[in-house]
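Take a look at the structure set out below.
In the text below, chain A, chain B and the rest are named by the order of the sequence lines, each starting its count at 1.
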2 protein chains.
Amino acid sequence: MQELADRTLAGIGSSADNKVDCSSRFLLDQIADKWSVLILSALCDKPLRFNELKRCLEGITQKALTQALRRLERNGILARRVIPSSQIAVEYSITPLGRTLEEPFRALYTWTINHVDTVLQAQLAFDERDKEPL
Amino acid sequence: MQELADRTLAGIGSSADNKVDCSSRFLLDQIADKWSVLILSALCDKPLRFNELKRCLEGITQKALTQALRRLERNGILARRVIPSSQIAVEYSITPLGRTLEEPFRALYTWTINHVDTVLQAQLAFDERDKEPL
DNA sequence: CGGTATCCAAAAAGATACTG
DNA sequence: CAGTATCTTTTTGGATACCG
């Protein structure tokens, strides 16, 4: 398993026949989505309750947030703790496993911050190109 | 811009009021998906033609591949080059901008390889828990 | 507060056929 | 080979209402 991890990106997930590894594909499907990155970002500082989280991710619906949280919990990335009180409270916190994702996610996130302008320009250029194909 | 990039993940994309930055959200939506990671992985070694790529990503439909490639091209991550010949050939290659994504993607990819077992176990545990809620 | 259930519309995925 | 076009089926998103 370590030998796989040590491969360069070029070889990552590829076996000798150059086919991409199925297990990584499955996991990427589980974790490589916008809300997971943003939720983990929000929680990596300190635990948050459902509605606190919802306010951080302004624009997310409670349905989408619930679904994303369930998947992250199921995958062991974060923990859900019900705090019994008169007004029920549910606290979400990052697990040790989730912590190991912090670095990769930060790298991704930092990239988006640093390159958003470049990407925007590329999009403009691309859209101009096929607007006038002559 | 650099000051943003230097924040911890906790603060990433958050402004003073703790709300997540919209531009990073938009970009994450564009790049943080399974096929983008896998396609870039495949291309980061050497350029590949459409069907070569398709074979690497065994299981992807040509529609999904075409769409992912178009988005990556539009975002300036990879370049499309038509090689005129009797049998038409189209070569996809990583751009300099795409190269800057190589590291973040590799980090993500490596994580999936290293943690797939742990996640699988977490899923089993989770699924057992609510199978028998008594 | 922190959800679940339901319904509908919209979008995405998939299969198949066709083309320069 | 490298797609596009079309159609069908699934999934998703969003709004709303309700519950412990």
Side-chain angles (χ1 to χ4, degrees), chain A residues 18 20 22 25-26 28-39 42-43 47-74 78-93 126 129-131 133-134, chain B residues 18 20 22 25-26 28-39 42-43 46-74 78-93 126-127 129-131 133-134:
Chain A
N18 209 36
V20 169
C22 274
R25 207 185 298 185
F26 142 80
L28 279 171
D29 229 10
Q30 293 286 308
I31 63 153
D33 68 287
K34 176 179 62 166
W35 293 126
S36 292
V37 176
L38 296 173
I39 289 170
L43 289 180
L48 292 174
R49 306 216 329 243
F50 186 86
N51 279 337
E52 290 177 319
L53 210 37
K54 189 163 181 297
R55 277 186 290 274
C56 288
L57 308 176
E58 207 191 13
I60 195 172
T61 64
Q62 106 252 68
K63 185 181 175 183
L65 180 55
T66 301
Q67 287 172 341
L69 288 171
R70 285 289 169 283
R71 192 177 58 243
L72 287 169
E73 186 195 357
R74 178 165 183 262
L78 54 80
R80 178 180 184 269
R81 186 169 68 98
V82 178
I83 302 163
S85 59
S86 57
Q87 271 301 57
I88 203 170
V90 178
E91 185 188 80
Y92 291 91
S93 59
F126 182 94
R129 249 178 288 151
D130 58 20
K131 196 174 291 175
L134 23 136
Chain B
N18 209 34
V20 170
C22 274
R25 210 187 295 187
F26 143 79
L28 279 171
D29 229 10
Q30 292 287 308
I31 64 155
D33 68 287
K34 177 178 61 167
W35 294 127
S36 292
V37 176
L38 296 173
I39 289 170
L43 289 181
K46 61 174 189 301
L48 292 174
R49 307 216 325 244
F50 185 86
N51 278 336
E52 291 177 319
L53 209 37
K54 188 164 182 296
R55 276 187 290 274
C56 288
L57 307 176
E58 207 191 12
I60 196 174
T61 63
Q62 101 260 60
K63 184 182 175 182
L65 181 55
T66 301
Q67 287 171 343
L69 287 171
R70 284 292 170 280
R71 192 178 56 243
L72 288 168
E73 187 195 358
R74 179 166 184 262
L78 54 79
R80 177 179 184 271
R81 186 168 68 97
V82 178
I83 301 162
S85 60
S86 56
Q87 270 300 60
I88 203 172
V90 179
E91 185 188 80
Y92 291 92
S93 59
F126 183 94
D127 294 345
R129 248 177 289 151
D130 59 21
K131 196 174 291 173
L134 22 138

Fill in the blank from the handout: Closest heavy-atom pair, B:Leu53 versus B:Ala42, reported as atoms and distance to 0.1 Å, is CD1-CB, 3.8 Å
Completion exercise
note: B:Arg55, atom CZ; D:dA2, atom P; distance rounded to Å ~ 8 Å
Completion exercise
To the nearest angstrom, the CG-C1' distance between A:Asp29 and D:dT11 comes to 13 Å
Problem - Under 4.0 angstrom between B:Arg80 side-chain N/O and D:dA2 OP1 or OP2 - result: no
Problem - Between D:dG14 (C1') and A:Glu58 (CD): distance, integer Å - result: 17 Å
Handout entry: Whole angstrom value for the distance that separates C1' of D:dC1 from CD of B:Glu52
Key = 11 Å
Exercise for the section: Provide, to the nearest angstrom, the distance between the CD1 atom belonging to A:Ile83 and the P atom belonging to C:dC1. Expected result: 14 Å
Exercise for the section: Please examine the side chains of A:Ser36 and A:Gln30, heavy atoms only from C-beta on, and report whether any two atoms are closer than 4.5 Å. Expected result: no
Practice task
Send over the distance from A:Arg49 CZ to C:dC1 P, rounded to a whole Å.
Solution key: 7 Å
Practice task
Would you please test A:Ile83 and A:Val90 for side-chain contact (heavy atoms from CB on, under 4.5 Å) and show each step?
Solution key: CA-CA 6 Å; A:Ile83 302 163; A:Val90 178; over 6 Å; no
Practice task
Apply side-chain contact (heavy atoms from CB on, under 4.5 Å) to B:Leu43 and B:Ser93, showing your working.
Solution key: CA-CA 6 Å; B:Leu43 289 181; B:Ser93 59; over 6 Å; no
Handout entry: Side chain proximity check, A:Leu48 to A:Tyr92, heavy atoms < 4.5 angstrom
Key = no
Problem - Heavy-atom pair of closest approach, residues B:Gln62 and B:Phe50 - result: O-CZ, 3.9 Å
Handout entry: Nucleotide C:dA13, atom P - distance to CZ of B:Arg71 in whole Å
Key = 9 Å
Practice task
Using a strict 4.0 Å threshold on nitrogen-to-oxygen distance, state whether A:Lys34 and B:Asp33 make a salt bridge.
Solution key: no
Problem - Inter-end axis angle, the helix from C:dC1-D:dG20 to C:dG20-D:dC1, with every axis fitted to five base pairs (rounded, 10 degrees) - result: 50°
Practice task
Can you tell me the distance, in whole Å, between the CZ atom of B:Arg81 and the P atom of D:dA2?
Solution key: 12 Å
Problem - Residues in contact with DNA chain C, drawn from residues 60-70 of chain B - heavy-atom cutoff 4.0 Å - result: B:Gln62, B:Lys63
Practice task
Using a strict 4.0 Å threshold on nitrogen-to-oxygen distance, state whether A:Arg49 and A:Glu91 make a salt bridge.
Solution key: no
